[in-house]
There are 2 protein chains.
Amino acid sequence: MAAQKKGAGGKQPTINDVAALAGVSKKTVSRVINRSEFLTEKTRKAVEQAIETLGFVPNPQARALAFRRNFLIALLHDNPNAQTVLNFQQGVLDAIKDSDLALLVRPVDRGSERMLDDVRTFLEKQRPIGALLLPPISENDDLAALCEDLGVRYVRVGSAPLDDAKHCVSSNDREVVAEAVRALIALRHRRIGFVRGPQGFRSAAEREKGFMEALSEAGLDLPAAYNAPGNYRYAAGIEAGEALLSLSEPPTAIFCSNDEMAAGVMSVAHAKRIDVPGALSIIGFDDSPTATHIWPALSTVRWPIREMGVRAAKTLVPDFLPLAGKVDESDSGVLNSTFIQRQSVASPQR
Amino acid sequence: MAAQKKGAGGKQPTINDVAALAGVSKKTVSRVINRSEFLTEKTRKAVEQAIETLGFVPNPQARALAFRRNFLIALLHDNPNAQTVLNFQQGVLDAIKDSDLALLVRPVDRGSERMLDDVRTFLEKQRPIGALLLPPISENDDLAALCEDLGVRYVRVGSAPLDDAKHCVSSNDREVVAEAVRALIALRHRRIGFVRGPQGFRSAAEREKGFMEALSEAGLDLPAAYNAPGNYRYAAGIEAGEALLSLSEPPTAIFCSNDEMAAGVMSVAHAKRIDVPGALSIIGFDDSPTATHIWPALSTVRWPIREMGVRAAKTLVPDFLPLAGKVDESDSGVLNSTFIQRQSVASPQR
DNA sequence: TTGTAAGCGTTATCAT
DNA sequence: ATGATAACGCTTACAA
């Protein structure tokens, strides 16, 4: 039990108060705080006792000044998927829980011309030890270069290796999408549609590669009419659904590059009284809350996003984390996504 | 254009470098940084020029130490709804954009016995200027007392006034729920079911009050069988749907205390081949992404959460924000939620 | 209007 | 193993 502190009025005890009470120099107290190994068990006990009695908590600003570094890491994101961001945050916080670190959050506006300047200003002002970059901004090489330039460590999170293992944590989206599409093929689907992600997104490209890979393995091809554009938004799913499901020979299954677009396609199917999964199987990507909230529940790919948060933090600041935190140096930084089968997929009825 | 700084190796220029270059004392530079009014236009220009030339950015740790306070505010949350948390975050960041403040994020575990201790440790370690408390933990009086005790400002966010206006930002959920239910009644619904939120949540109580208010105004009552328990989770919506829609005389409309449970009820309706909205109208609460992703799109209540984030930040740290940030002192701190009508509601067919 | 000296609470250096 | 003294980069108090 720490002693109760005084309220807002009472002054915080300082390292000097502790030193005085324990009858040692403040440097010795500092040694205790920082777990120096050159300490008698006895003096350490005495100092700890004094700390306890006073309810002393080291002033982080003073420490930061003396150390010439603070204890903050930053999360930079411009992710449309709230659940993804929050799960990642949670993973990061799991990782830094028993450390002195705290997490700063900074959304950035990918579209803005001043994006790089904004980030520069933020990093210069706050000087966090490091920055975690979530997709899609993690794909921006200029941003990584900026961090490098400012001496701020960084780790990029992506759906495929974007950088060397020291600067990247990624998942194997391509493989898992291929696996999902193979599952459709195994169910005897032959007319399989595809709804793309936004152009220029690495994640979209990876998912497309996985899709094409599975198709060509099976000797199938993707007619132009089955290949619909998208941008990860629900409305794009609606448009793609309208287009694909109005064809004279519509696909019996559609892979959508994310859940939100899959929800759009599903809505169109409902509106057109097309039975899902009887007449149409649908697969999404993200395992967002939407995936389980729509009916029928959506088969999808789960990104190990929380685990990636943990890993990203461990990669970023291994030297600030408890020993348990160390990542194996030889680790490739690739985590596995998982294909999750739910009710939206079945064999085509015919 | 700020001058490019050296990379990781180069040392940051300090206030002394600026002072030397500008030919003034460092205190004068400090005055420029802190916008003192007692400065000749000429010296100010000279110092600004030097700052520009060197690319000087004041060290926040040193400032924090000298000021005896840092420039951080904290967001404490334990909210299951990711979109809500993120929208709120965005609002806070909008508000502090042109200030020196940064945002720390800290999820807390409402269920844990050590919750208060964890928060205490966090606040003592980081010593943010203030803390923003999101529901449901904003309803915890002990938490507010802890902030008070530690001299950390706080603002609580809730669905009804939880504290005096200096410590609270809220929305008028009760009124808007009543409005939504009146809309059902105006459409000639008479058998209206209710799915409750979790016990002990203020938000749940407010929504229930609003519901009951509208019912009794119309001289309707809520049979016990129409009053289903819930906990804001999808699975509870499924259970409630199973119960309500298996009755020999089922309701023609169901108000669910949040969107997630509404999605559950909707799934049950689909599974039972009950037409929505023809045979059953459904209303939710939150205007979460789910509301538009399910089919048919869900009528719901939109919480002005981003605006509440802005307001909460302005209430918490008016003295750190640009002048535009001031909140009118006489303001009650109550923002308006909005009823949003979508396809899930219609007159009962009969 | 500007400058000087002292101090914020910690850690680094270098003794002992 | 411990301590004295000087940083760390800035602001405050007071003086000029």
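As the structure is a prediction and not an experimental result, all values here were calculated from the model. Every chain is numbered from 1, with letters handed out A, B, ... down the list of sequences. What's counted below: heavy atoms across the whole structure, side chains too, no hydrogens, waters or symmetry copies.
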Separation of [X] atom [atom1] from [N] atom [atom2], in whole Å?
X        : N      : atom1 : atom2 : answer
A:Phe38  : D:dA1  : CZ    : P     : 7 Å
B:Glu37  : C:dT1  : CD    : P     : 9 Å
B:Gln12  : D:dC10 : CD    : P     : 10 Å
A:Lys45  : D:dA1  : NZ    : C1'   : 18 Å
B:Arg127 : C:dG9  : CZ    : P     : 12 Å
B:Asn70  : D:dC10 : CG    : C1'   : 15 Å
A:Asn59  : D:dC10 : CG    : C1'   : 14 Å
A:Lys26  : D:dA7  : NZ    : P     : 14 Å

salt_bridge([X], [Y]) N-O dist < 4.0 Å:
X        : Y        : answer
A:Asp17  : A:Lys26  : no
A:Asp109 : A:Arg114 : no
B:Arg106 : B:Asp78  : no
A:Arg156 : A:Asp141 : yes

Problem set entry | Whichever of B:Arg44 and B:Leu65 has its nearest DNA chain C nucleotide further upstream toward 5' |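 Comparing both residues, the 5'-ward one is B:Arg44.
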
On the nucleotide [N], are OP1 or OP2 found under 4.0 Å from the side-chain N or O atoms that [X] carries?
X       : N     : result
B:Thr28 : C:dG3 : yes
B:Thr43 : C:dT1 : no
A:Thr40 : D:dA1 : no
B:Thr14 : D:dG9 : no

Exercise. How would you label the contact of B:Pro58 with the nucleic acid (heavy atoms, under 4.0 Å): base, sugar-phosphate, or nothing?
Worked result: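 Answer is sugar-phosphate: B:Pro58 comes under 4.0 Å of backbone atoms only.
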
For this session: Would you classify A:Leu39 as touching base, sugar-phosphate or nothing, given that sugar-phosphate means primed atoms plus P, OP1 and OP2, and contacts are heavy atoms under 4.0 Å?
Result: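 Here A:Leu39 touches the backbone only, sparing every base.
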
Problem set entry | CD-CG distance between B:Glu148 and B:Asp163, expressed to the nearest 0.5 angstrom |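 CG of B:Asp163 is found 8.5 Å from CD of B:Glu148.
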
For this session: Measure from NZ or CZ of B:Arg63 to the centre of the six-membered ring of B:Phe67, then state whether that distance is under 6.0 Å and the direction lies within 45° of the axis.
Result: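 No; the conditions do not both hold, so B:Arg63 does not lie above the ring face of B:Phe67.
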
Problem set entry | Donor-acceptor under 3.5 Å (A:Asp142 side chain, A:Leu116 main chain) |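 It does not hold such a pair.
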
Could you check which of [options] has an atom nearest any side-chain atom of [X]?
X       : options               : result
B:Ser25 : C:dC8, D:dC10, C:dG3  : C:dG3
A:Phe56 : D:dC10, C:dT10, D:dG9 : C:dT10
B:Ile15 : D:dC10, D:dG3, C:dT10 : D:dC10

Problem set entry | Mutual orientation of the aromatic rings belonging to B:Phe320 and B:Phe71 [parallel < 30°, tilted 30-60°, perpendicular > 60°] |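 Rings of B:Phe320 and B:Phe71: perpendicular, as their planes differ by over 60°.
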
Report, one pair per line, the protein and nucleotides 12-16 of chain C atoms (nitrogen or oxygen only) whose separation is under 3.5 Å.
unit_1: C:dA12; atom_1: N7; unit_2: A:Lys27; atom_2: NZ; d: 3.1

